[in-house]
Every structure is written in structure tokens, then in C-alpha cells.
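For reference, positions follow the sequence shown, starting with 1.
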Amino acid sequence: MQVSPAKPTTQEAVSRERALQRLVTVFICTGLVFLLLPGTFLGVWNLLQISSDRVVHAPSTAWIQAHGQAQIFGWIGTFIIGIGFYSLSKMGRLQPFAIKRGWQSWVLWTLGISLHWFTGVYAWQWRTMLPLSAALQLAGFLLFFWTVRRHSAKPAASEQRRPMEVWMRVVVAATFAFLAALLWNLAVSLCASFAESTPTLPAPADGHLILISAWGFLVMTVWGFNARWLPVFLGLPHPHPRGLLLAVAALIAAVVAGVVGAPVVCSLLLIAAAILASWALHVFQPSVQRPKLQGIHPSFPYFIRAAYVWLLVAAALSLFAALFDRNGGISGASRHALAVGFLATMVFSIGPRILPAFCGMRVLFSKNLMFAALALLNLGCVLRVCCEIQAYEHHVALAWQVLPVSAYLELTAVGLFVLNLALTFLRPPAHLLVGGRASAR
């Protein structure tokens, strides 16, 4: 006979909540460091070198790949793992020892990401360090996966016949895409350590890694959490379950097509998936209830919808790249529209809404900083996407001059986003503020 664990006392519950908040705060702050330094700063450095020399392959390929890893896995991947530990623990699905495993996962994950960046930049003992970094990332994720795999494994009696909600199905699919991306990363890192002369992944394998991780893992994750949060935050109708699952199926098929070498088919499926997801999530439909904008800038709904415009642009540009790309300008613009236009805009919009609550029930420091970060980010992305095609493909002199401007705008946006969250985390919790409310900024 199995004995259920005793209900924790009030003091134990408070201590557990504080421990969870410390854990998720460290994950979020670690992700912000990866975003600002090895992510955005290194990316700006690479772009400035390209613009200065007007040569697409001017910077080290290893530096470019280190920048990409820091953005995809170091920033958003760290956010997702930390939020996963916190959310499932709050839902009562994880045992108290999950907090200890969360710290262990953080150590392995952070060490793996940091080691990849260090190896890509300095190339020290890279034949050993490159696969070791990939193995550490995989180990950190597997510890997370092993801990959360029992989510809903033992539902309460009242939940035994309740089917899994569509948003959870999408998040589960995204989790397996995350695992596939890390396994691919380890496999190609091992191959590179034996076959390459520099700490770089082969171009086709790196392209497949970007496809699996950015489109397969990150986009699917955003769709899953959007299905959960947008009906509440934007007052939208509940998602269309079949439509969203069809979008996920089209996205998975697109990733498979891209990996097996059918870029046109891949792009067509990406376009179909983006259209289906936008329709199923009712993103461009009017709100049926008043959006919940307390504590954030009122432009929030417009930037969420702008993110989905960028998603459609990224998918469309991927098709043009498959048909007409010569020097990497169109494919680079597509990747930037996805990474900055869709993913970063989504994080910059929803992050100020949920992260202060996760990290100690705090109130966002400044709504105006939130708006400034989003406005500069999208302006920089418009300039980058437009000018990258003109510069790389057609060598338009003015476009080469505008590219650094786009880099500075996006770097400023990232700095404002990080500053706003850092100042938020330094504030006392909302219930300790004077009058229980933050002053408007």
C-alpha cells in the first residue's frame, strides 16, 4: 500500500515557494547574461566586422555559431528550463527533491553553454571541449526531462478521465524537439571534433541544427504557451485544437523535409504551419474580453500580433531563399526575422508580464522601458531584414552602412530589456511596496 506524502505545513510551503523563486530567478538571470554578452554583443561584433569589410564570411564561423548557440540555447533554452521547473512544481506535480535537481540541471546546462561559447571564441582544446560542451548541455536537459516526465503521470481522481489540453500537447511535442536538437548538436560536435580543422560545425549540419532548434523547438514552444496564455492576456477566444495540432504537424513535416534535403517543400510547409497557427490561436482576431494589461505597457497586444507578422515574413523569406538565395542574404534575413522579429519580440512582450511574478511576485520596474525595448527591437529588425538582403545579395552601398545601425538599435533594445528586468528583480515583492502598488513610470 502506497502512503501519500503528508501535506506540508504553512512554513514548509513558504520555504518551498521561496526556494522555487530563487531557482527560477537564477535561471532567468543566467539567460539574460547569455542574451546580453555572448548572444547579442557577439552578434553585433560579427555584424560590424561584416559591414566593415563588406564580406559575408569576414568573421570566424566559430564565432557566428557560438553567438547562435548562446541565443537559442543559452537565452531562451535557459528560460524554458527554469520556467518548467517552477511551473510544474507550483502545479504540485513535482516532489520537493525537484528543487535540488533544478540546481544540478542549472550547473550542467550553464557549464555546457559557457564551454561552447568559450571554445568557439578561443578554440582551446576544442576537439575535446566542443563535444564535452554538447554532452553537458544534453545532461542538464536530461536531468530536467527526467524530473518533469512524471507531469500528470499520477493525476488526482477527479482528473483521471480528463484529456490532455492542447497547449500541453504542443509543449510536450516541443520538449521532444528540444531533445532532438541537443542530440543532433552532440552528434555533429563529435563529428566535427574528428573531421574539421576548426571548432565549427559543418555548414549543412549547422543549418539543420538551426532548423530543428529554432523552428522545431522554439516556435513550437511559443505556440504551446501562447495557447495557454493569450486567451487570458489578450482576451482572445480559446484556441482551435485541431487547427493548432495541424500547424504542429505541418511544422514537424517541414523540419523533416529540411533535414532530408527538400528546402522548397520545407518552406512551403513552414508557411502553411505559420498560417494555421495564426488562425488557430486567433491572433489577428479582435479580443472578446478586455486584455489584462495591469503592470505592463498597453502596447502589449500590438507587439504580440507584430510577432506573428514576423513569423509569416520569416516563413515566406525561407521560400525565397530556397529559390533565389546566392550569398546567404535572404536566408540570413529569414533567420533574423524568426529569431528577433518573432522569438525576441514574443519574449520581450510576455517576459515582463510573467517573469516578475515567477521571480518573487514583483511588479515590473518600468512600462516605458518595456515599450522602448520593443520599439527599438522591431525597428532594428526591420532595418536588418531589409538591408541584409540588399547588402549581401546586391551589394548596395547604403545597405552596408545601415546594417551597423540596426545592430546598435537591437543591442540597445536588449540592454533596456535586461535593465528593466534587473531593476525589477532588485525591487521588493509587490505586497511590500508602499500601498501594495508600484508607481507608474
**OP:** Assess whether side chain to side chain contact (heavy atoms under 4.5 Å, CB included) is satisfied between Leu201 and Asn185, documenting all intermediate values.
**Re:** CA-CA 9 Å; Leu201 307 181; Asn185 184 44; 4.2 Å; yes

Would you call the rings of [X] and [Y] parallel, tilted or perpendicular if under 30° counts as parallel and over 60° as perpendicular?
X	Y	answer
Phe178	Phe141	tilted
Phe371	His297	parallel
Phe79	Trp75	perpendicular

Any chance you could measure [X], atom [atom1], to [Y], atom [atom2], to the nearest 0.5 Å?
X	Y	atom1	atom2	answer
Thr25	Arg18	OG1	CZ	13.0 Å
Ser366	Leu421	OG	CG	11.5 Å
Ile354	Phe233	CD1	CZ	6.5 Å
Leu211	Asp206	CG	CG	11.5 Å
Leu115	Gln69	CG	CD	11.0 Å
Leu276	Leu281	CG	CG	10.5 Å

Could you pull out the closest heavy-atom pair between [X] and [Y], with the gap in Å?
X	Y	result
Leu270	Ala254	CD2-CB, 3.6 Å
Leu376	Ala413	CB-CB, 3.9 Å
Ser406	Leu383	CB-CB, 3.8 Å
Met370	Pro352	SD-CB, 3.8 Å
Ala273	Ala250	CB-CB, 3.9 Å
Leu403	Cys387	CD2-CB, 4.0 Å

**OP:** List the steps, then state whether side chain to side chain contact (heavy atoms under 4.5 Å, CB included) holds for Phe73 with Thr78.
**Re:** CA-CA 6 Å; Phe73 296 131; Thr78 304; over 6 Å; no

Can any side-chain N or O of [X] pair as donor or acceptor with the backbone N or O of [Y] at less than 3.5 Å?
X	Y	result
Ser114	Leu111	no
Asn420	Leu369	no
Trp184	Ala205	yes
Gln21	Phe358	no
Asn327	Tyr392	yes
Ser287	Leu234	yes
Gln289	Leu236	no
Glu393	Gly329	yes
Arg384	Ala407	no
Glu388	Ile330	no

Subject >> Between Glu165 and His238, a side-chain donor and acceptor under 3.5 Å >> reply: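 His238 and Glu165 do not have a side-chain donor-acceptor pair below 3.5 Å.
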
Original post:
In terms of side-chain heavy atoms, does Trp109 have a donor or acceptor partner in Ser105 at a distance below 3.5 Å?
Top reply: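 No, Ser105 and Trp109 have no side-chain donor paired with an acceptor closer than 3.5 Å.
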
Subject >> Derivation and outcome, ring pair (Phe, Tyr, Trp, His ring centres under 6.0 Å), residues Trp106 and Phe144 >> reply: CA-CA 9 Å; Trp106 174 80; Phe144 163 75; over 10 Å; no

Hey, are the side chains of [X] and [Y] touching, using non-hydrogen atoms and a 4.5 Å cut-off?
X	Y	answer
Ile28	Cys359	yes
Phe417	Leu35	yes
Ile72	Ile76	no
Arg169	Leu244	no
Leu268	Val264	yes
Ile81	Phe27	yes
Ile83	Leu355	yes
Arg427	Phe365	yes

Original post:
Can a cation-pi geometry be assigned to Arg362 and Phe425, taking NZ or CZ under 6.0 Å from the six-membered ring centre and within 45° of the ring axis?
Top reply: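 Ring-cation test returns no.
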
For residues 304-321, tabulate all N or O donor-acceptor pairs below 3.5 Å that involve a side-chain atom, not counting sequence neighbours.
residue : atom : partner : partner atom : Å
Arg305  : NE   : Val283  : O            : 2.7
Arg305  : NH2  : Gln285  : O            : 3.1
Tyr308  : OH   : Asn226  : OD1          : 2.6
Trp310  : NE1  : Asn378  : OD1          : 2.9
Ser318  : OG   : Ser267  : OG           : 3.2
Ser318  : OG   : Ala315  : O            : 2.5

Original post:
Passes side chain to side chain contact (heavy atoms under 4.5 Å, CB included), Thr345 versus Val340? Steps please.
Top reply: CA-CA 6 Å; Thr345 298; Val340 176; 5.7 Å; no

For residues 215-225, run the donor-acceptor check on the side chains, cut-off 3.5 Å, and write out each pair with its distance to 0.1 Å, sequence neighbours left out.
residue : atom : partner : partner atom : Å
Thr221  : OG1  : Phe217  : O            : 2.7

Original post:
Would Phe303 and Phe348 satisfy ring pair (Phe, Tyr, Trp, His ring centres under 6.0 Å), going step by step from the backbone distance to the final call?
Top reply: CA-CA 9 Å; Phe303 282 110; Phe348 280 31; 10.0 Å; no

**OP:** Return yes when atom CZ of Phe284 has more than 12 non-hydrogen atoms of other residues, nucleotides or ligands closer than 6.0 Å, and no otherwise.
**Re:**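 Count over threshold, so yes.
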
Subject >> Ile296 and Lys367: CA distance, side-chain angles, deciding distance, side chain to side chain contact (heavy atoms under 4.5 Å, CB included) verdict >> reply: CA-CA 5 Å; Ile296 59 174; Lys367 300 177 185 179; 5.6 Å; no

